[in-house]
Amino acid sequence: MSIKNLFDLTGRVVVITGASSGLGVQMAKAYAKHGANIAIMARRKEKLEAVAAEIRTLGVKCLPVTCDVTDTNAIIEAVEIIEKEYGKVDIVVNNAGTGYVGPAVEMKDEDWNWNVELDLNSVFKVSREFAKGMIKNNYGRIINISSMYGMVGNMALPSAGYHAAKGGVLNLTRALAAEWASHGITVNCICPGYFETELTGDTLNTDSFSTYMKATVPLGRYGNEGELDSTAVYLASDASAYVTGVIIPVDGGYTCV
Ligand code: NDP
């Protein structure tokens with residue numbers, strides 16, 4: 001098989017959580033452009049339906065599934081719906097997430113718990129439920145979207161809960177990679193740097209944060225739309241068949257200094 005064909009996802013089914021906005025939508029479109037059928041999960045039904053309609057114009061199927069990924073029963077229901085529609089799931093991208101920003105000493109238990117629930121526990125729960133089918137098929141690719149903040153601390157935006165949860169995703173990735181390797185499942189993790197989305201737009205578009213970014217990101221700019229997609233496609237494709245348990249920063253060099 002030529003290297004070009006290794007990235008072809010025709011016939012594959014990709015599920016992406018948190019694909020009603022931001023990076024999830026970008027990755028969903030990238031997978032669709034590589035020929036995969038798609039299922040997108042998030043809470044906002046109308047947004048999901050609009051994204052699904054756009055993805056279908058790319059010539060593949062796209063199923064919008066309303067689901068709160070912190071709710072185990074909702075996840076189980078979503079897995080049933082998606083497996084019924086497509087007969088299988090090959091690739092899962094755990095992308096849904098958000099973060100509480102505020103000084104640690106002012107952080108309430110519920111803010112901490114919410115962060116860990118959404119940014120770490122949901123990654124485990126979604127992986128667990130889809131892995132059951134992957135184990136039966138002896139094939140799977142799980143891609144966790146952590147953050148460069150999962151690899152290091154930061155001095156601009158106090159967010160201890162987010163750092164802790166995203167850091168947990170790194171070692172969860174390694175643990176599941178080791179546990180499920182014998183079932184033909186790879187588990188890998190991407191740590192994005194600063195990309196402008198609904199989550200980050202208000203923060204990134206300030207003079208003070210741009211100045212901070214220029215001082216801390218070696219490439220001296222924010223990530224552009226589409227710059228996460230190539231890594232996401234690589235980890236979903238046969239090109240990464242011998243790669244598991246790795247953490248890939250896509251951060252303009254933030255974590256190398
Ligand atoms: P957005 O806010 O644009 O997207 C977040 C997505 O997560 C939305 O689709 C939202 O959909 C979904 N989501 C949030 N809560 C839940 C929930 N309880 N159940 C299901 N879906 C949920 O953010 P980004 O695209 O920027 O972030 C995507 C991922 O990338 C996150 O994990 C984030 O931490 C990570 N990241 C982003 C960076 C950036 O600079 N943008 C940097 C590093 C990491 P809905 O509200 O419809 O449920």
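Note that the structure is a prediction, hence the values are computed from the model and not measured. Remember, it's 1-based here, ligands and their atoms both numbered in the order they're listed.
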Any donor-acceptor N or O pair under 3.5 Å, side chains Asn94, Ser127: yes

Element-labelled atoms of ligand 1 that are located less than 4.0 Å from some non-hydrogen atom of Leu23: 25 (O), 30 (O), 37 (C), 41 (N)

Contact atoms of ligand 1, heavy-atom distance to Thr200 under 4.0 Å: 39 (C), 40 (O), 41 (N)

Nearest-contact summary for atom 20 (C) of ligand 1 - protein heavy atom, Å: Cys67 O, 3.3 Å

Short side-chain donor-acceptor distance under 3.5 Å, Asn154 and His163: yes

Contact with ligand 1 for Ser146, non-hydrogen, under 4.0 angstrom: yes

Residue-ligand contact Gly193/ligand 1, heavy atom below 4.0 Å: yes

Atoms of ligand 1 close to Asn95 [distance to a heavy atom under 4.0 angstrom, numbered from 1]: 28 (C), 29 (C), 30 (O), 31 (C), 32 (O)

Cationic tip of Arg12 above Tyr86 ring, under 6.0 Å, 45° of axis: no

Flag for Asn205-Glu196: side-chain donor and acceptor within less than 3.5 Å: yes

Heavy atom of Tyr162, distance to ligand 1 below 4.0 Å: yes

Contact atoms of ligand 1, heavy-atom distance to Asp68 under 4.0 Å: 17 (C), 18 (N), 19 (N)

Whether Leu118 lies under 4.0 Å from ligand 1, heavy atom: yes

Any Lys166 heavy atom less than 4.0 Å from ligand 1: yes

Ligand 1 to Gly24 polar contact by distance, N or O atoms, under 3.5 Å: no

Identity and distance of the protein heavy atom lying nearest atom 4 (O) of ligand 1: Ser21 OG, 3.2 Å

